[in-house]
Each structure stands twice: as structure tokens, then as C-alpha cells.
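Written below as C-alpha cells is the structure these notes are about.
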Amino acid sequence: ENSSSASAGAGSSLLEFSVTEGKTHLLGRLLETHAAAPDARLLSLAIEQGNLEVMKILVQNRAPLYNLDELDGSTALMLASRSGNVDMVHYLCKLSCRHYLDYTSSFGSSAVSCAYAASKAEVLYILTVLYGAVLPVVSSLHVKRYSLMLSLGEQSYKSRCERKGISVD
């Protein structure tokens with residue numbers, strides 16, 4: 001029994017190593033032989049490090065998208081929004097349903113409020129304008145800041161698309 005739990009621990013540490021080091025091939029091979037879905041901690045780590053390819057592999061292997069932080073119930077989209085990783089936000093928005101965009105954690109956070117609080121204007125624009133996430137009801141002071149952030153986010157998004165040769169009209 002000890003060798004079996006040691007083996008499970010080694011498998012877990014190898015998974016963590018492959019995530020932290022961005023070893024996508026190793027991660028894919030380990031997950032093929034791993035019976036259980038990857039845990040939320042690994043997905044959180046990939047998002048924190050901004051590694052889109054690792055995050056995609058974990059999601060494709062059924063990593064949980066909700067309750068990545070057991071204390072507040074944060075989702076993968078909230079973490080990506082807070083970090084400002086535009087590519088991760090796009091990926092997560094494309095694969096999830098409407099509920100996921102407007103999901104609110106136990107502390108009242110949503111992907112939109114995470115982007116707003118972290119001053120991630122482009123992410124705020126993507127969530128609200130491109131994917132239709134709901135802006136929370138806010139004071140008039142916040143309305144001005146939201147408007148400014150949306151305007152800046154739109155400029156940033158269009159500039160990014162232009163650099164990539166993507167038409168946004």
C-alpha cells in the first residue's frame with residue numbers, strides 16, 4: 001500500500017512539474033495514463049503562469065473550471081480575467097456557456113468584477129462587449145471608470161487584432 005501511495009504522490013508531483021515547467025508533451029502523456037481528472041490546483045497554477053497550452057491540455061482532460069479556490073469559489077475565467085491574459089479569457093469564453101460568464105463566487109466576484117478590480121481594460125471589453133457578460137450595478141463614480149476602461153479596452157483589443165492581421169469590423 002505504501003508503494004501505491006508513493007506512486008500516486010510521484011505521479012502528482014510529475015503532473016505538477018510538467019505544469020510548472022510548461023512540459024506539454026509530458027503533461028499530455030501523464031494525463032493519458034492518469035485515471036482521474038486533473039485537480040483544480042494544477043489549472044490554477046497554469047493560469048497564474050499564463051501558460052495557455054498547458055491550460056488547454058488540463059481543460060481538455062476535464063480539469064474543473066469552477067471552485068479553483070475553495071475559499072471563495074473562483075472560476076478559471078475569474079483567475080484568467082484577474083491576470084489579464086486575453087488569450088485565456090477568449091479560450092474559456094468560447095468553451096463555456098452563458099452561466100459561466102456571469103457566475104458569481106461566494107464573495108460576490110464575477111469575471112467582470114475581477115477584470116475591473118485588476119484594471120484589465122481589454123479583458124473587461126472582451127467579456128462585456130464581445131461575449132455579453134453583464135456589468136454589475138454600480139455607483140455613478142464606477143460608471144465613469146467602466147466607460148473609460150471599456151474605451152481603453154476597445155483600443156487595445158483593436159490594436160492587438162491589427163498586429164495579428166485580424167479584421168475587427
Side-chain angles (χ1 to χ4, degrees), residues 16 19-22 24 27 37-169:
E16 190 167 332
V19 169
T20 57
E21 298 299 317
T24 54
L27 178 62
D39 65 33
R41 181 181 50 83
L42 294 174
L43 185 57
S44 295
L45 188 57
I47 293 169
E48 287 170 17
Q49 293 183 330
N51 194 323
L52 178 64
E53 294 309 312
V54 168
M55 185 195 75
K56 284 180 178 180
I57 291 169
L58 292 168
V59 169
Q60 290 163 358
N61 282 276
R62 304 178 331 267
L65 298 175
Y66 290 94
N67 295 324
L68 299 188
D69 182 329
E70 293 177 5
L71 295 177
D72 73 358
S74 290
T75 66
L77 185 58
M78 287 177 196
L79 296 180
S81 296
R82 192 176 297 129
S83 75
N85 192 310
V86 170
D87 294 327
M88 285 183 172
V89 169
H90 267 299
Y91 177 78
L92 291 166
C93 284
K94 286 178 185 176
L95 49 88
S96 55
C97 64
R98 174 84 209 158
H99 172 75
Y100 186 59
L101 278 171
D102 296 326
Y103 175 83
T104 304
S105 75
S106 55
F107 289 121
S109 296
S110 67
V112 169
S113 67
C114 288
Y116 177 76
S119 297
K120 304 301 182 186
E122 189 173 355
V123 170
L124 186 67
Y125 174 79
I126 289 166
L127 291 169
T128 57
V129 176
L130 299 184
Y131 291 100
V134 176
L135 284 171
V137 177
V138 292
S139 69
S140 59
L141 173 69
H142 289 288
V143 169
K144 289 179 184 177
R145 183 166 181 241
Y146 268 119
S147 296
L148 177 61
M149 284 181 69
L150 286 173
S151 177
L152 292 172
E154 179 180 23
Q155 291 171 13
S156 177
Y157 177 75
K158 287 181 176 180
S159 175
R160 177 188 306 271
C161 289
E162 200 172 280
R163 285 190 307 274
K164 291 183 175 182
I166 301 169
S167 174
V168 289
D169 292 327

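Everything quoted here is computed from the prediction, not taken from an experiment.
Of all the heavy atoms in G22 and V54, the pair that sits closest is CA-CG2, 3.9 Å. A pairwise comparison of heavy atoms in R82 and K120 identifies O-CE, 3.4 Å as the closest pair. Counting all heavy atoms, side chain and backbone alike, N61 lies closest to P38 at O-CD, 2.9 Å. Listed here is the closest heavy atom pair of T75 and L68: C-CD1, 3.9 Å. Y146 and L124 get closest at one heavy-atom pair: CD2-CD2, 3.6 Å. Residue A46 comes nearest to L58 through the heavy atom pair CB-CD1, 4.0 Å, listed as atom of the first residue, atom of the second, then distance.
The shortest side-chain heavy-atom distance between S119 and R145 falls under the 4.5 Å cut-off. Side chains of M55 and L92 form a contact here, defined as non-hydrogen atoms less than 4.5 Å apart. Residues E48 and L79 have side chains not in contact (no heavy-atom distance under 4.5 Å, counting atoms from C-beta outward). V59 places a side-chain heavy atom less than 4.5 Å from the side chain of Y91. Side-chain contact between Y131 and H90 is present, with heavy atoms from C-beta onward closer than 4.5 Å. Between L65 and L43, some side-chain heavy-atom pair lies under the 4.5 Å cut-off. Proximity of N85 to I47: side-chain heavy atoms (C-beta onward) are nowhere separated by under 4.5 Å.
Once rounded to the nearest 0.5 Å, the distance linking SG of C93 with CG of L101 reads 4.5 Å. Of the inter-residue distances, the one linking S147 atom OG with L152 atom CG reads 11.0 Å to the nearest 0.5 angstrom. Between E53 atom CD and D87 atom CG the span is 9.5 Å, to the nearest 0.5 Å. To the nearest 0.5 Å, the span separating OH on Y116 from OG on S81 amounts to 15.5 Å. E16 contributes atom CD, which lies 6.0 Å from atom CG of L45 (distance to the nearest 0.5 angstrom).
Counting heavy-atom neighbours within 6.0 Å of E162 CD, excluding the residue itself, gives a total of 12 or less.
No side-chain donor-acceptor contact under 3.5 Å links S151 to the backbone of L148. Side chain of Y100 to backbone of L77: a donor-acceptor contact under 3.5 angstrom is found. Side-chain atoms of S74 never come within 3.5 Å of backbone atoms of M78 as a donor-acceptor pair (strictly under, hydrogens ignored).
Taking the six-membered ring where the residue is Trp, Y157 and Y125 present tilted rings, their angle falling between 30° and 60°.
Between V123 and the options V86, V112, T128, a side chain to side chain contact (heavy atoms under 4.5 Å, CB included) holds for only V86.
Considering only residues two or more places apart in sequence or on other chains, E122 meets the side chain to side chain donor-acceptor pair (under 3.5 Å) condition with S156, R160.
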